[in-house]
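A short worksheet on the structure shown next.
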Amino acid sequence: MTLAAGPLRSVVASRFASLILVVLAVWAGLAVLPQRASPDQAVVLAFAAAQNISLPPDSPVFTFDDQLFSHQCGRFLAPAGQPMRLFPYGETQCQTAAATAIAVVYPADIRLLWALLTTEERNEFSSSLRDTSYWLRQSLTASIGKSFFEEYRPIVRAILQNALERSLAQPQVREAIERALRTVSSNDVDRILAGVVPVALERVETNLWNNVRGWFNPGSEPVGAGQIVAGILSDPRVRNHLYTTLPPVLSNPAMADAAVLAAAEFVAAAIDDPRLPQLLQHLLTDRRLTQGLGHGALPEGMPRKLLKLRSPTDHNPLSAYVLRLAMHGHGGSVALLLSQAQYSRVSAVAGRGAMLSVVKRQ
Amino acid sequence: MTGARAVITLEGLSITTPGGRVLVENADVSLGPGEVVLLVGPSGSGKSTIINALSGLLGADGAHWQVQGRVHLAGKDYDLAQDVCNIGGLVFQNNALFDDLSAAGNARITADHIGSVDPAIAELIGELLHDVDPGQNVASLSGGQCQRVAIARTLLANRDVLLFDEPNSGLDKLAARRLAQLIRKLCHQMGKPALIVAHHVDDLLPLADRVLFLDSARRMLRELPPDRAEVDSALLCETLPSEPRAQTAAPYSWKLKPHSPWRWQFHYLNEYFWILCASPMLLGYVMLGAGIVGFVSIWFGFNYDALGDFVRSVVHDDALMGIGFIEMTVVVPLISCLLMVACNNAVITADLGNRVLSSQFRAMSNLGIPARRYIYVSVGVNMMLAGLLLTVASGVIASFTSYQVWRLIFVGQPYELWMENFFREFLRSERALMVHGAWTLFKVAATAAVATASALMIGGKRKESVISINHAIARSIIIGASATLVIHAVVAVLQF
């Protein structure tokens, strides 16, 4: 059977077009679909020294450029009871790194991210943090001075007082304070009292005679002991004396331990207070307060700086990996392939890490 | 009305339409060997119904005709009320050639289904079609050539009587006379009678042996004197020149050695494969759809996320995994099935509608060819195949486009980072791959089956006009596409 030239040409053209499309699809499939065969180039690794590090059975491996920007370069398989193996990606950069770089395992935490920032980036980040802290303090101070904050003051005071009482009622806090006080030497006490007692005597004497005079003048009010003590403490001479004599006393280890314990118990007691969540909810949803905060120094770009993203659309696989582990509540470690120079820079901040040595190349 | 040398006798013929109208009552007809009988009558009187009854086609479309009478033929009796009487080979008014086959294909498919070809008939056909290129598509044949191919095809069936339904319709005077002469000659050569339904009898009367008039008022058949026929017959035999042969080209040879009928099943499987699976337009448009899915899901997934800039990097791996998973298990199968069903249901319905409207199925049925089985099986198999192939191709193209768009957004990142995350859910374990693959396979197969069934049912129903084909196409697309959406939605709910 023969077809006429026209229809034959049409059929051939149609089949040819179909064939081209099928070949195109096959080519696209070969280009992007995962291959069933496992990668043939693997590096068997082992810790250079005994380590007590738990590695995930399958995790990414990263290399870095000159600016310590990460590049995901392979998979690191550490199945329980089997040798650790590194499977580098096919790119030349990854293959080279697998062949020449130092393999180190670091805890995947924010310290590692900090270590990967350059000095300029760290300075920039710190500067932003300082600006933000300063702005936050100023804004909050301004808000506390506003009249609307009086609505919150009684409940704030009640929560703080309750926290203070509960923390001081804790036996371990009391014991710590007593231990701390026992460490204070008589010389220290003498030195403190030496600047306080003369002023106290002066105040007591003055108020004593004023009270005696008052007994003969029915209209005048007697001065109480509390007023006398407040007067002593507000005296500039006493304050200046305490500023110079108290810090050395308070900085001894027992005193510091007691202070830390007391502060921790104070914070715990405050958090336990059922009134606190309600107070925070009111504060955070009070438009008068948030208006007072303003938007001048919000920590704009800080997450991007810490995650070391060079542009809004950038992807830093190591930072993302570390942050995801933190968000999911998983601790963990991560394997890095570093040049000697990079290792020096990273280890200066993040520590030496756990070095891996090559056992065999497959 | 029973001739002395009758080969076929029809007694007590009564036909009532499904609507209850009586067309003919208690009529008797006899046809002698080589006799040419004209059946005339007013439009709608039931002439075509009588020849349909003799070719076994009456009621084939499911309509409830009431037929009574007996047919005696060479010692065999047919009770028309109970038996299917297909003693006649019918040449349809519009020829009903299979327009997807060549001229030879139309003859060969018949030859393959009758088992053996009488050498005398083969010689007759060779003579009849001497100027017709066997490989020529029927659409490019002239009207006269089409008619001769249709007659040749009917001759091959080697039935006891030749039936013609208005064979001179649409022919000029000369062609009509040549046709009448041809019919006459064939009947004489084969010794078989011919019953011709005609409105315009001027060109046929001269060659007719007898004329039967279907009187619709009296619901009876009566014979008219063929006076003019005898005169005209003698005159035409002397004056009409025989059809001129091509002087410059050698006559075509028609080889009609029968083969296994199964080759026609493969023929139609192949034919519909290139229409329903591998048509470049279909492939191109489904692949375009898949490419757009790949582009949209990655571009808008990463560029217009509501989470902000730095979060994009944090969620990158999981977002890519989610996009890849949804793309491969839900969106790509849905888009490819939807596009395939919209295109193929239109093609199938139009194809079947055309075959129904032009009586191709009836012609095939008359010739003993299981046309619906061939075509329905071929359509079903190829729709299933198309669903699978196009879904795979769409998946590949969507993946490829996704990767290219991802590379544009995340410049410098390695291919493996994309691959590990985009296919993470499938690479997780063999079982995950099998489970998701099985669900996808199931919904694609279910979609193809339901869409095919709807297209075949809608396309294969009786068609009155081209408009009814158009309406059927629209209905088929809507039902097929709606079924696709419902199936994929239900499977998605079950799967996840």
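Letters A, B, ... are given to chains in the order of the sequence lines, protein chains preceding strands, and every chain is numbered from 1.
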Residues B/His316 and B/Trp406: side-chain donor-acceptor under 3.5 angstrom:
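Side-chain D/A pair, B/His316 to B/Trp406: present.
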Options [options], ranked by heavy-atom pairs under 4.5 Å with chain B, top entry:
| options | value |
| --- | --- |
| A/Leu21, A/Val32, A/Leu19 | A/Val32 |
| A/Ser18, A/Ala320, A/Gly74, A/Ala25 | A/Ser18 |
| A/Glu91, A/Arg324, A/Gln93 | A/Arg324 |

Evaluate the side-chain proximity of B/Phe98 to B/Val138: yes if any heavy-atom separation is below 4.5 Å, no if none is.
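They are not in contact (no side-chain heavy atoms under 4.5 Å apart), so the answer is no.
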Hey, what do you get for NE2 (A/His315) to NE2 (A/His71), rounding to the nearest 0.5 Å?
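The NE2 atom of A/His71 is 10.5 Å from NE2 of A/His315, to the nearest 0.5 Å.
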Could you grab the distance from atom CZ of B/Arg263 to atom CG of B/Leu269, nearest 0.5 Å is fine?
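One gets 14.5 Å once the value is rounded to the nearest 0.5 Å.
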Relative to B/Trp418, does B/Arg407 satisfy both conditions: NZ or CZ under 6.0 angstrom from the six-membered ring centre, and within 45 degrees of the ring's axis?
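Because its charged atom misses either the 6.0 Å distance or the 45° angle limit, B/Arg407 does not stack over B/Trp418.
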I'd like to verify something: which residue of [options] has the highest number of heavy-atom pairs under 4.5 Å with chain A?
| options | result |
| --- | --- |
| B/Trp274, B/Phe423, B/Phe422, B/Tyr415 | B/Trp274 |
| B/Met419, B/Gln404, B/Glu420 | B/Glu420 |
| B/Phe426, B/Tyr403, B/Phe410 | B/Phe410 |

A/Leu307, part contacting chain B, at a heavy-atom distance under 4.5 Å:
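Only the side chain of A/Leu307 comes within 4.5 Å of chain B.
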Between B/Thr401 and chain A, with a heavy-atom cut-off of 4.5 Å, which part of the residue counts as in contact: side chain, backbone, both or neither?
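Nothing of B/Thr401, per the 4.5 Å heavy-atom cut-off to chain A.
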Portion of B/Ile397 that has a non-hydrogen atom of chain A nearer than 4.5 angstrom
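For B/Ile397, side-chain heavy atoms alone lie under 4.5 Å from chain A.
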In plain terms, say whether A/Lys308 and A/Asp314 are close enough for a salt bridge, that is, a side-chain N and a carboxylate O under 4.0 Å apart.
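Here A/Lys308 does not pair with A/Asp314 in a salt bridge, since their nearest N and O are not under 4.0 Å apart.
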Looking at B/Asp112 and B/His259, would you say the former's side chain and the latter's main chain have a donor-acceptor pair under 3.5 Å?
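Yes, B/Asp112 side chain to B/His259 backbone: donor-acceptor pair under 3.5 Å.
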